[in-house]
Number of protein chains: 2
Amino acid sequence: MSDPQQNPVRLDALDRKILSLLQQDASLPLEEIAARAGASRTPVWNRIRRMREQGVIRGQVALLDAESLGLEACFFVLVRTTEHDADWAGRFLAAVRARPEVVEAHRLAGDIDYILKVVVRNARAYDRFYQSLISEVRIQNVTALLSMEEMKATHALPIPPG
Amino acid sequence: MSDPQQNPVRLDALDRKILSLLQQDASLPLEEIAARAGASRTPVWNRIRRMREQGVIRGQVALLDAESLGLEACFFVLVRTTEHDADWAGRFLAAVRARPEVVEAHRLAGDIDYILKVVVRNARAYDRFYQSLISEVRIQNVTALLSMEEMKATHALPIPPG
DNA sequence: TTTGAAAACATCTACAT
DNA sequence: ATGTAGATGTTTTCAAA
C-alpha cells in the first residue's frame, strides 16, 4: 500500500504462483495457498506482505453478481469530442468519476477519443445516463455498443512468465 | 455459491450497505463492516452467508497492479465477422477463453459483432496475440483501440437503491 | 440483536537450515 | 533466503440468551 506502482517489480516463480492463486480466490487460508504454491506458510506470508507493500497487490474485494443486483445491461460507449483543452478534459473526467454506472473509462489513441464501460439496469437507465452526461459536458459524437452476452469476464490479469 | 444468478434477489438497505462495503474492501473485519453498516456481527454475518449462497456474492479476489506486472498496454478490440454459424461462434469463444490476455469479451448487438478487452505487456505482445487469434479463427475486420490512460477503473458495481 | 466462547486463522518471532 | 515451530492476538463461526 505504501508504494503505489513503482513499476516492474522483480517477481520470481513463487511470487507469481501466489498472485495467481490470490487473484482467483483471496479467501483461501494461508496454509492452503502455501500448499498449492509448494512452499510453507512463513515464506509465502512474507511474500504476500512484501507484495502488498510494493503495491503489486492493491487490495481485496468481493465480486458481486450483476444480474442478482438487477443490472442487466452493459454498454461500451465510444466518445468523440472536438474539444481537447485541459478544462474540457477535466470536466469530462469529473463527470465520469462521479457516475457509479461508469465502471471503466479510458482515454484512447486515434480517432475515437474515449471509451466507457457502463453498467445499468436496462436501456432506459442507459438513456438517462446518456442524457445526463451530454447535458454536463459537450460531446461531438457518441456510439453505444450494447452487450448481448458476456462471453468472458475475469478480474484476473495475465501474469507474464519471468 | 449454490445458486448462481437466480436473478433479482430481494435485498434491503442493510444488505446493500454490506455489499457496498465488501466490494470496496473485503479484508475488513466483520466487526468493522457491522459497525459501518450500523448493525452487529451476527445479523451481518448471516446476511453475508445468505448472499453467498444466493450467488449475489460470487467470491473474493485480490486485485493486482497491472504496471507492477509489466502489463503496460491495454487494447479494446472491435471485431466484425461474416460468419454467424454456431460452429464459428464456438471456435471464437474457445479461442477467446483460452487466452488469458483477453480479460473481457462481449457479443454485441449491431454492426460490430464482438468487443474484447486485451491486457498485454506492450504493442508487440498485442500483435502476437492478434496474429495468433486471426490464424485460429477467420475474422472479417478488426479495429484495435489503444488505451493511453485509464481514467477510471473499478470492480465495484453500481448498487441500485431498493 | 446482543453476548460469549470455541475453533480456526493470521501474524510475528526465534531459531535452524 | 527458506523452513520449522510455536506464541500471541484477531477473527470467524456458532450457540445460547
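These numbers come from a predicted model, not from an experiment. Lettering of chains follows the sequences in order, A, B, ..., and the numbering in each one begins at 1. The figures here come from the full heavy-atom set of this structure, side chains too, leaving out hydrogens, waters and symmetry mates.
- The footprint of chain B on DNA chain C, defined by a heavy-atom cutoff below 4.0 Å, extends from dT1(C) to dA5(C).
- Across all their heavy atoms, Leu108(A) and Tyr114(A) have their closest contact at CD1-C, 3.9 Å.
- In terms of modelled atom types and a separation under 3.5 Å, the side chain of Trp88(A) and the main chain of Ile139(A) share no donor-acceptor contact.
- Not one side-chain nitrogen or oxygen of Arg47(A) sits closer than 4.0 Å to the OP1 or OP2 atom of dA1(D).
- Under the rule for a salt bridge (charged side-chain N to carboxylate O under 4.0 Å, His left out), Arg97(A) has no partner lying at least two apart in sequence or in another chain.
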Which donor-acceptor pairs under 3.5 Å do the side chains of residues 73-80 of chain A make with protein atoms, sequence neighbours left out?
{"unit_1": "Arg80(A)", "atom_1": "NH1", "unit_2": "Asp111(A)", "atom_2": "OD1", "d": "2.7"}
{"unit_1": "Arg80(A)", "atom_1": "NH1", "unit_2": "Asp111(A)", "atom_2": "OD2", "d": "3.3"}

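- Side chain of Lys152(B) to backbone of Val102(A): a donor-acceptor contact under 3.5 angstrom is found.
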Discussion item. Working note: Arg47(A) + Asp12(A), criterion salt bridge (Lys or Arg N to Asp or Glu O under 4.0 Å); need CA distance, chi angles, decisive distance, verdict.
Written reply: CA-CA 10 Å; Arg47(A) 282 153 185 269; Asp12(A) 68 12; 2.8 Å; yes
Residues 27-39 of chain B, side-chain donor-acceptor partners within the protein, below 3.5 Å, at least two apart:
{"unit_1": "Ser27(B)", "atom_1": "OG", "unit_2": "Asp25(B)", "atom_2": "OD1", "d": "2.6"}
{"unit_1": "Glu32(B)", "atom_1": "OE2", "unit_2": "Arg36(B)", "atom_2": "NE", "d": "2.9"}
{"unit_1": "Glu32(B)", "atom_1": "OE2", "unit_2": "Arg36(B)", "atom_2": "NH2", "d": "3.2"}

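- For the pair Arg50(A) CZ and dT2(D) C1', the interatomic distance rounds to 13 Å; values are reported in whole Å.
- Contacts between residues 12-25 of chain B and DNA chain C, defined by a heavy-atom separation below 4.0 Å, involve no residue at all.
- Phe129(A) and Tyr126(A) have tilted rings, their planes meeting at an angle from 30° to 60° on a 0 to 90° scale.
- For Arg58(A) and Ser68(B), the side-chain atoms include no donor-acceptor pair closer than 3.5 Å.
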Pairs: protein N or O with nucleotides 11-15 of chain D N or O, under 3.5 Å:
{"unit_1": "dT12(D)", "atom_1": "OP2", "unit_2": "Leu30(B)", "atom_2": "N", "d": "2.7"}
{"unit_1": "dT13(D)", "atom_1": "OP2", "unit_2": "Trp45(B)", "atom_2": "NE1", "d": "2.6"}

Practice prompt. Please step through side-chain hydrogen bond (donor to acceptor under 3.5 Å, both in side chains) for the pair Thr82(B) and Arg138(B), ending with a clear verdict.
Written response: CA-CA 9 Å; Thr82(B) 43; Arg138(B) 181 180 301 279; over 6 Å; no
